[in-house]
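Computation of the quantities below employed the complete heavy-atom set of this structure, encompassing side-chain atoms and omitting hydrogens, waters and symmetry-equivalent molecules.
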Amino acid sequence: MGKASAPGKIILSGEHSVVYGYPALVSAVSLRCFAYASSLPEPGIEIISKDLEVRQIYSPTEVYQLKDLPLNSKTDNLAFSALKTLEKIGINPLKQGISISLESEIPISAGLGSSAASAVSVVGAILSLFKKSLSSNEISSLAFEGEILAHGTPSGVDNAAATYGGYLRYENGNVSKLDIANEVPVLVCNTMVPRETKALVANVRKRYDSSPNIIGQILKALGQIPNAMIDSIAKQDFIALGNLMEINQGLLDSIGVGHHAIHKVISIAKEFGALGSKLTGAGGGGCVIILPSDEDSENEIHRALKEQGFDSFRTRFSQEGVRIE
Ligand code: MEV
């Protein structure tokens with residue numbers, strides 16, 4: 001049996017603008033997705049996901065056709081990354097069958113990178129099963145092949161975060177791991193409004209195509225925030241960081257990826273002393289990250305959100321990316 005796991009992530013800044021080539025600042029979190037791979041007697045790729053409640057068997061021909069067909073199962077992208085991984089390590093998918101089963105601690109469709117963490121852990125579990133190794137860059141690229149099927153025009157930031165772990169600055173496929181010693185103490189609140197990254201990215205593209213000058217300027221402004229945030233984190237200037245989060249949220253609202261549930265969470269957090277809050281991931285629902293002013297404010301925000309039916313938790317930062325066992 002092959003086994004691997006990969007972390008989810010929070011985007012501190014850069015969602016959407018990263019798709020247009022601007023930088024993003026991300027942090028891997030301690031919630032992980034686990035994948036287990038075993039050989040099958042017949043050729044084919046089986047994907048079993050407890051969390052998605054899907055069990056799907058693809059014949060080799062079906063997997064080869066996935067790229068040209070509309071996605072009809074949430075596991076198509078994982079089967080495709082599995083196929084590409086087998087090919088990459090010199091195993092003929094027409095002769096060798098595999099089964100991969102996944103279990104995840106990362107909430108689905110919430111902006112915490114569950115899809116990319118699943119893809120990276122699938123690649124890792126196959127490497128573990130066949131006792132092969134690849135570079136981090138190769139693992140991330142194989143996961144990205146499936147992400148393209150699932151998300152249309154993803155930037156690659158999610159699979160990079162799941163592969164490398166830690167705090168990352170990501171820009172156009174270039175990953176720099178940042179030397180941030182002190183964790184940024186953010187609270188994550190899940191609005192429980194599910195959303196689809198693909199549709200949100202496509203909507204931003206539509207707005208951009210219809211008003212390129214205006215949306216182009218907003219994306220450019222969004223693209224300045226990650227570097228400013230890295231600066232404020234290095235100086236431990238959380239007031240500046242909170243301000244940047246607020247600016248970031250305003251700009252994301254103006255490209256149409258806000259939601260009234262996000263605004264509700266943000267206003268509760270503000271009332272109880274948050275220095276700043278913003279959506280994380282594709283938006284349109286999903287999770288909000290909140291920077292409390294101190295421990296008391298964190299407890300107050302957590303309590304106030306709970307009273308309004310919102311669950312929140314403190315993320316733990318994860319230095320570890322993909323783990324192949
Ligand atoms: C999704 O986690 C982040 C987006 O920027 C999409 C992407 O980067 O592919 C919205």
Within-4.5 Å side-chain heavy-atom neighbours: F317 and I180: no
Derivation and outcome, side chain to side chain donor-acceptor pair (under 3.5 Å), residues T75 and Y58: CA-CA 10 Å; T75 52; Y58 302 83; 2.9 Å; yes
Exam field: side chain E46 to backbone S99, donor-acceptor pair closer than 3.5 Å: no
cation_pi(R303, F272) dist<6.0 Å, angle<=45: yes
Heavy-atom donor-acceptor pair, S318 side chain to A28 backbone, under 3.5 Å: no
Over all atoms of both residues, closest heavy-atom pair of V186 and R314: O-CD, 3.5 Å
Gap separating the OG atom of S121 from the CD1 atom of I100, nearest 0.5 angstrom: 9.0 Å
Side-chain donor/acceptor of S81 to backbone N/O of L142, under 3.5 Å: yes
Derivation and outcome, side chain to side chain contact (heavy atoms under 4.5 Å, CB included), residues I289 and L12: CA-CA 8 Å; I289 51 172; L12 288 162; 3.9 Å; yes
Taking every non-hydrogen atom, the tightest pair across G2 and S128: CA-OG, 3.1 Å
Any I98 side-chain heavy atom under 4.5 Å of L40 side chain: no
Sidechain-backbone polar pair: K74 side chain, A150 backbone, donor-acceptor under 3.5 Å: no
Reported CD-to-OG1 distance for the pair E145 and T85, which is rounded to 0.5 angstrom: 8.5 Å
E171 side chain near Y22 side chain, heavy-atom distance below 4.5 Å: no
Minimum heavy-atom distance between P60 and L94, given as atom pair plus value: CB-CD2, 3.5 Å
Side chain proximity check, L102 to C33, heavy atoms < 4.5 angstrom: yes
Non-hydrogen atoms of G284 and V193 that approach each other most closely: O-CG1, 3.7 Å
Given E103, E320, E105, the one that forms salt bridge (charged side-chain N to carboxylate O under 4.0 Å, His left out) with R32: E320
Hydrophobic cluster membership, Y164 vs L178, 4.5 Å side-chain cutoff: yes
Polar side-chain atom of S17 near backbone of G14 as donor-acceptor pair, under 3.5 Å: yes
Polar side-chain atom of H259 near backbone of A261 as donor-acceptor pair, under 3.5 Å: yes
Side-chain touch E300/E271, heavy atoms, less than 4.5 angstrom: no
Single-linkage hydrophobic cluster, 4.5 Å side-chain cutoff, L149 and L200 together: no
Verify same cluster id: L252, M229 (apolar side-chain graph, 4.5 Å): yes
Carboxylate-amine/guanidinium contact E183 R316, below 4.0 Å: no
Inter-residue atom distance K270.NZ - S297.OG, 0.5 Å rounding: 12.0 Å
Candidate list I268, I266, T280, test side-chain contact (heavy atoms from CB on, under 4.5 Å), partner V288, passing option: I266
Gap between atom CD of E325 and atom OG of S5 - 0.5 Å precision: 6.0 Å
Option from I214, N203, I218 for which side-chain contact (heavy atoms from CB on, under 4.5 Å) with I255 holds: I218
Heavy-atom closest pair, residues S114 and S118: O-OG, 2.8 Å
Working for side chain to side chain contact (heavy atoms under 4.5 Å, CB included), residues F310 and I301: CA-CA 10 Å; F310 294 108; I301 293 167; over 6 Å; no
Donor-acceptor pair, side chain of R207 and main chain of S254, under 3.5 angstrom: yes
Test: K88 and E138 ion pair at under 4.0 Å: yes
M192 reachable from V265 in the ILVMFWY side-chain graph, under 4.5 Å edges: no
Q224 side chain vs K220 backbone, donor-acceptor pair below 3.5 Å: yes
ILVMFWY network linking V120 to L112, side-chain heavy atoms under 4.5 angstrom: no
Whether over 12 other heavy atoms sit under 6.0 Å from Q319 CD: yes
Over 12 non-hydrogen atoms of neighbours within 6.0 angstrom of CD1 in I239: no
Point-to-point distance, once rounded to the nearest 0.5 Å, from OG1 of T191 to NE2 of H260: 9.5 Å
Whether over 12 other heavy atoms sit under 6.0 Å from D179 CG: no
Worked check of side chain to side chain contact (heavy atoms under 4.5 Å, CB included) between F238 and N243: CA-CA 8 Å; F238 289 134; N243 285 337; over 6 Å; no
Q236 atom CD: more than 12 heavy-atom contacts under 6.0 Å: yes
Flag side-chain contact, heavy atom, 4.5 Å: Q96 against P43: no
Criterion side chain to side chain contact (heavy atoms under 4.5 Å, CB included) on I290 and S312, from CA distance to verdict: CA-CA 10 Å; I290 300 161; S312 62; 5.6 Å; no
Heavy atoms from other residues, nucleotides or ligands near NZ of K306 exceed 12 (cutoff 6.0 Å): no
Donor-acceptor contact present, side-chain Q249 to main-chain L279, <3.5 Å: yes
Option from L168, V29, I106, D158 for which side-chain contact (heavy atoms from CB on, under 4.5 Å) with K9 holds: D158
CD (E53) with more than 12 external heavy atoms under 6.0 Å: no
Closest non-hydrogen atom pair, A125 against A35: CB-O, 3.6 Å
L222 vs V18 side-chain heavy atoms within contact, under 4.5 Å: no
Derivation and outcome, side chain to side chain donor-acceptor pair (under 3.5 Å), residues R169 and N227: CA-CA 9 Å; R169 183 185 186 280; N227 284 347; 2.9 Å; yes
From L291 atom CG to E246 atom CD, the distance as rounded to the nearest 0.5 Å: 10.0 Å
Test side-chain hydrogen bond (donor to acceptor under 3.5 Å, both in side chains) applied to E147 and S155, S140, S115, the passing residue: S115
Within-4.5 Å side-chain heavy-atom neighbours: P93 and Y64: yes
